[in-house]
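Taking it in order: structure first as structure tokens, then the write-up.
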Amino acid sequence: MKPFQPPTKELAGRILGEVDFPDRLIGQKMRMRMGPVPVSLYSFEEVVRFLEEDIPQMDLRKLQVWVGEKIGDKDLARAIEEISLREMDEPEKLLHIRGLMAARLGQSRRIGRLP
């Protein structure tokens with residue numbers, strides 16, 4: 001997969017910001033005694049941190065749509081789709097996606113600090 005072009009200042013602002021309640025993304029944390037516990041995620045950074053959990057669960061199609069439509073990062077949304085179609089188990093897919101999202105977050109932070 002080729003590296004992404006740096007985001008525009010506008011896209012970086014959306015990546016660094018938060019979405020409104022109706023636009024939030026829902027994931028699930030697995031807890032030993034409780035089973036899956038829903039988690040509301042309002043920012044790109046929260047999603048990256050969520051994907052660092054021990055056993056995160058997330059609908060990859062919903063993540064792809066959220067990144068593409070709510071955040072507006074079409075390049076990353078296409079990359080998520082590519083990964084979701086690969087022949088590998090779900091935790092491995094999420095690990096790859098987390099890496100891409102963390103890199104995109106880093107790009108956005110650098111742009112967000114520019115004058």
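Here the structure is a predicted model, which means the values were calculated and not measured. The figures that follow rest on heavy atoms only: side chains count, while hydrogens, waters and symmetry mates do not.
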Applying a strict under-4.5 Å side-chain criterion to I, L, V, M, F, W and Y, I'd like to know whether [X] and [Y] cluster together.
X     : Y     : answer
Leu16 : Leu51 : yes
Leu60 : Val48 : yes
Val39 : Val47 : yes
Val19 : Phe50 : yes

Given side chains that start at C-beta, do those of [X] and [Y] come closer than 4.5 Å, heavy atoms only?
X      : Y     : result
Ile26  : Lys62 : no
Lys93  : Asp89 : no
Gln28  : Met58 : no
Leu100 : Ile83 : yes

Nearest atoms (heavy-atom pairs only) where [X] meets [Y]:
X     : Y      : value
Leu94 : Pro56  : CD1-O, 3.5 Å
Pro7  : Ala12  : CB-N, 4.1 Å
Pro36 : Gln57  : CB-OE1, 4.2 Å
Pro6  : Ile111 : CB-CD1, 4.1 Å

Would you give the length of the straight line joining atom [atom1] of [X] to atom [atom2] of [Y], rounded to the nearest 0.5 angstrom?
X      : Y     : atom1 : atom2 : answer
Asp73  : Ile80 : CG    : CD1   : 8.0 Å
Asp54  : Met32 : CG    : CE    : 10.0 Å
Arg24  : Tyr42 : CZ    : OH    : 5.0 Å
Ser108 : Ile15 : OG    : CD1   : 3.5 Å
Lys29  : Glu53 : NZ    : CD    : 4.0 Å
Glu92  : His96 : CD    : NE2   : 4.5 Å

So, Glu82 and Arg86, do they make that salt bridge, N to O below 4.0 Å? no
Test: Glu45 and Arg109 ion pair at under 4.0 Å: yes
Would you confirm whether [X], through its side chain, and [Y], through its main-chain N or O, come within 3.5 Å as a donor-acceptor pair?
X     : Y     : answer
Lys70 : Asp23 : no
Arg14 : Ile71 : yes
Glu46 : Ser43 : yes
Asp59 : Arg61 : yes

For Lys74, look at atom NZ and say whether over 12 heavy atoms of other residues, nucleotides or ligands are found less than 6.0 Å away. yes
Please say whether the positively charged group of Arg104, taken as NZ for Lys or CZ for Arg, lies over the ring of Phe4, i.e. under 6.0 angstrom from the six-membered ring centre and within 45 degrees of the axis. yes
Does one side chain, of Gln107 or Arg110, offer a donor that lies under 3.5 Å from an acceptor on the other? no
